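What you see is a predicted model; the values in this text were computed from it and never measured. The chains referred to below are lettered A, B, ... by the order of the sequence lines, with proteins before strands, and numbering in each begins at 1.
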Amino acid sequence: MARYNFKETEAKWQQVWAEKRCFNVEVDETKPKYYVLEMFPYPSGRIHMGHVRNYTLGDVVARYKKARGFNVLHPMGWDAFGLPAENAAIENKVHPAKWTYENIASMRTQLQGMGLSYDWEREIATCHPDYYRHEQRMFLDFHKAGLAYRKESWVNWDPVENTVLANEQVIDGRGWRSGALVEKKLLSQWFLKITDYAEELLQAIQTLERWPDRVRLMQHNWIGRSEGARVFFPIVGRDEKLEVFTTRHDTLFGASFCAISPNHPLAGALAANNAELTAFIAECNRIGTSEAAIETAEKKGFDTGLKAIHPLDPSWQVPIYVANFVLMEYGTGAIFGCPAHDQRDLDFARKYGLPVIPVVKPTDTDAVAIGDTAFPGEGVLFNSRFLDGLPVESAKTRMAEELRRLDAGQPTISYRLRDWGVSRQRYWGCPIPFIHCQDCGIVPVPEQDLPVELPEDVTFDAPGNPLDRHPTWKHVSCPECGKPATRETDTFDTFFESSWYFARFADARGAEAFDRNKADYWLSVDQYIGGIEHAVLHLLYSRFFMRALKKCGYTDVEEPFAGLLTQGMVCHETYKDENGKWLFPSQVAKDADGRSVSVEDGRPVTVGRSEKMSKSRKNVVDPVHIIDSYGADTARLFMLSDSPPERDLDWTDSGIDGAWRYLNRLHRLIGEPSFALPAPDAPRPDTLGDKAAAAEKALHKTIAGISEDLDKFHFNKAVARIREFSNLLETLDGKTDGEGWALRRGLETLVQLIGPMTPHLAEELWALLGHETLLAETAWPVADPALLVDDSVTVAIQVNGKLRGTIELPRDCAKEDAEQAALALPAVIQQLDGKAPRKVIVVPNRIVNVVG
RNA sequence: GCCCGCUUGGCGGAAUCGGUAGACGCAGCAGACUUAAAAUCUGUUUUCCGUAUGGAAGUGCCGGUUCGAGUCCGGCAGCGGGCACCA
């Protein structure tokens, strides 16, 4: 028989599945539903290995659940708005819409070549008005419900390009294209009140039982609930009081300074007639807007000269600094510093020569000297008047009472979570449906005027937002007073689209955003699969969005994703030539001595370690090329083999070869069996020989094992079991009774079990085995529990925890028998050297440990 | 800087609840088939000592709990992800 012709086979079955509409689904109340979803891609134009991995994982789940009798919804769409389309417009003079839709078309073809079981009739593209019109409506509803509001916030501003930069466009504090020093600038922007749901989003994390713990923990920390107190410090010579937030009000007697954010109103007021302070604030504002940039910048302060009066002692004054590490967005934008018990405060105090007053000491020592290390731990208060002798927690309570009594503060809960800024000063996004009128203020676009569509006739030859400088688009009359007004020219953050697309799939062509009945049937997503990089933002925004939609009457579903699987990245070795230039893997080969050399000129190549595939490092392998040379099934099998899904996967040529070899081996095993198989419907012989009986047992163990592996997403283990079982089937030679039957049953089951992973080859082999129905429509095999247990077990015998031998024992034999058998073992007798064992520990069916 | 992970042979990984570390594969080595190559098949492969039966060590590092630790606890190191305008 010829080698497996994957091209012909894969195309054939893809066509059959499409023609028979195997994966198109409707609501069916008679079946349990299962909604499996992979994070939809940004249509960059070409799929990458990360996509191949993500969609293979999802497809295995979808096909497996379908075989298990579920009504499976498995859709695909395009996260089609975003920056790269605008960059392409600027660089290649192609319109973002044209670029995006062409990319979608080619990526769809590439995905279809993978044989994924999508219901393509539900495909959506978020840049289409039929999609984004609904979110404009949602935003108006959010606004009515008090969940959308405007406030000023900071953006990265490129003064040369006169444009707002994304964090990723700021490199070492400079604009990526202009190279200009980036400034922070205040803009009035739209926000969604996710903070209204901080507590609910936090509490509900507990209900997300099928999410990875680490993602739940990351969301928990992101929301960042902290119990503390607001404390008022009167300011010498001014009427106002400085309000600070602290979680360590127990250490108030260790206060040595106050610090406010450069963006605190007080800092602004003082800067008005202080050029030095103005310059300091400007310097602070040159640090980017990202938290990482602010946190890693050198901690600096500016003494305002103002003094704050200690809330518990009018005679005690501390200086007020403006400090670059105090965030206006968190707490009250002002802190008090207690250097002895906070490392950052200590560093600050040492730098500016401020006093360090220890007020908490560890319970087990009297040592209280503070050097360069603060003591943030638990302990007992001292140096603290009425708090002396109290442990930290009691001191907090006592201090809160005192603050309340003096009207100097109160306990409060603060969250790190900030409201979600959804405004973007960009063209390629969903227009925000509001109108600015000089007389009426901010006016919503009337619902009958939705959608507000993006104008197509825009240019990217000038800096700034094309919507803003479009000759006509933004000029409208005010819906309320009719006078000339202007449209909002900001568009939505693209997280807006991805916060509800999973609901749109329930009814992708409906006139409403989603049909309630259909959404109620399909949601929540039973299994969501995507990269760990979305652990916080996308997933948290979606959780909030569903709650906001619920408040506006769209749905009763609160949690969008009941189950979550976060996959690791696809990595590859990196290569550099002698000049330190990156090389593509395809430009590198091994010479006769096994050294890596350049294909072009044979010069030596430095091989770097494996890193996430990225265009900048050129360590990419094009999936299209792989699928072309090996077929989709080979690529899929490789993606599932070896590495568990949540870990990083190393792409290797030998790995893909191994997968390819196995598929050919399987094809040979069935196409050219070593002896003639009985007919498909041949009955089980009454007596099986030893080998056939062992094969039958292995068959049922394999079914049970792989089912469990797939339930737990242990795809690599499932592949190992498949290979183990096919190794066993290859040892059958038909010389004893029942082997023919066992081989046929084994092969058929093997094909069924590998079906979700390599669907084309499995479908082909299923037909080859004489089936006229589709494997894609065939129920999953069932293991016979009676065949899963063995009569005897191998028990490990240890002396003092060291393995000294193994013995075969009847399953569940008496502990005494196991002990007897162990003590009779020559190696054990020798180790004991005539002495009686002190103790014998027997773990039934597993181990006997003789302690001497 | 803060938050979250990960670390097991030459390599990817397996080891259900604390109970035989290295399943399965890759690469390597030896062999079979072949005029030859490819493909395929067979054997072998944690390290060290030993001709061998066998013995010792071993899951990033240091320490602890336990009859028994890859697994639990404390500390450390290295690598990676996220940090609110990349998606």
Distance between [atom1] atoms of [N] and [M] (Å, rounded):
N: B:C26; M: B:C17; atom1: C1'; result: 32 Å
N: B:C62; M: B:C11; atom1: C1'; result: 28 Å
N: B:G10; M: B:G18; atom1: P; result: 28 Å
N: B:C6; M: B:A57; atom1: C1'; result: 26 Å
N: B:G58; M: B:U20; atom1: C1'; result: 15 Å

Please identify each residue that fulfils ring-ring contact (aromatic ring centres under 6.0 Å, His included) with [X], with sequence neighbours left out.
X: A:Tyr427; value: A:His95, A:Phe460
X: A:Tyr42; value: none
X: A:Tyr415; value: none

Fill in the blank from the handout: For A:Arg174 and A:Val182 the tightest heavy-atom approach is C-CG2, 3.5 Å

Handout entry: Heavy-atom closest pair, residues A:Pro41 and A:Met76
Key =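 Closest approach of A:Pro41 to A:Met76: CD-SD, 3.6 Å.
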
Problem - Distance in angstrom units between A:Arg804 CZ and B:G68 P, rounded - result: 14 Å

Handout entry: Qualifying salt bridge (Lys or Arg N to Asp or Glu O under 4.0 Å) pairs, either residue in residues 633-645 of chain A, two or more places apart
Key =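 Qualifying pairs, neighbours excluded: A:Asp59-A:Arg636.
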
Problem - Phosphate contact (B:G13 OP1 or OP2) by A:Arg647 side-chain N/O below 4.0 Å - result: yes

Exercise for the section: With sequence neighbours excluded, tell me which residues meet side chain to side chain donor-acceptor pair (under 3.5 Å) with A:Asn103. Expected result: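 Side chain to side chain donor-acceptor pair (under 3.5 Å) list for A:Asn103, sorted by chain: empty.
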
Handout entry: Test side chain to side chain donor-acceptor pair (under 3.5 Å) applied to A:Thr100 - qualifying residues, sequence neighbours left out
Key = A:Trp428

Expected list for residues 566-573 of chain A: side-chain donor-acceptor pairs under 3.5 angstrom, two or more places apart:
residue: A:Gln567; atom: OE1; partner: A:Asn54; partner atom: N; Å: 3.2
residue: A:Gln567; atom: OE1; partner: A:Asn54; partner atom: ND2; Å: 3.4
residue: A:Glu573; atom: OE1; partner: A:Tyr575; partner atom: OH; Å: 2.7

Practice task
Would you mind classifying the nucleic acid contact of A:Arg665 as base, sugar-phosphate or nothing, using non-hydrogen atoms under 4.0 angstrom?
Solution key: sugar-phosphate

Practice task
Would you mind classifying the nucleic acid contact of A:Lys299 as base, sugar-phosphate or nothing, using non-hydrogen atoms under 4.0 angstrom?
Solution key: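 Nothing, no heavy atom under 4.0 Å.
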
Practice task
Quick one: classify the glycosidic conformation of B:C17 as syn or anti, with syn meaning within 90° of 0.
Solution key: syn

Exercise for the section: Quick one: classify the glycosidic conformation of B:G9 as syn or anti, with syn meaning within 90° of 0. Expected result: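 Here the answer is syn: the torsion falls within 90° of 0.
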
Practice task
Kindly assign one of parallel, tilted or perpendicular to the pair A:Phe6 and A:Trp660, based on the angle between their ring planes and the thresholds 30° and 60°.
Solution key: perpendicular

Would you give me the side-chain donor-acceptor pairs under 3.5 Å for residues 842-852 of chain A, sequence neighbours excluded?
residue: A:Asn845; atom: OD1; partner: A:Asp812; partner atom: N; Å: 2.9
residue: A:Asn845; atom: ND2; partner: A:Asp812; partner atom: OD1; Å: 2.7
residue: A:Asn849; atom: OD1; partner: A:Asn800; partner atom: N; Å: 3.4
residue: A:Asn849; atom: OD1; partner: A:Gly801; partner atom: N; Å: 2.9

Does the protein touch [range] at the base, only the backbone, or not at all? Give it as B, S and - per nucleotide, heavy atoms under 4.0 Å.
range: nucleotides 15-22 of chain B; result: SB--BB--
range: nucleotides 26-34 of chain B; result: SS-------
range: nucleotides 80-87 of chain B; result: SBSBBBBB

Problem - Per-nucleotide pairing state of RNA chain B [Watson-Crick or G-U, under 3.5 Å; [ ] pseudoknot-crossing; | other strand] - result: (((((((..(((......[....))).(((((.......))))).((((....))))..(((((..]....))))))))))))....

Practice task
Could you check A:Phe495, A:Phe496, A:Trp500 and say which one makes a ring pair (Phe, Tyr, Trp, His ring centres under 6.0 Å) with A:Tyr541?
Solution key: A:Phe495

Problem - Cation-pi check, A:Lys299 onto A:Phe348 ring (under 6.0 Å, within 45° of axis) - result: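 Cation-pi check for A:Lys299 and A:Phe348: fails.
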
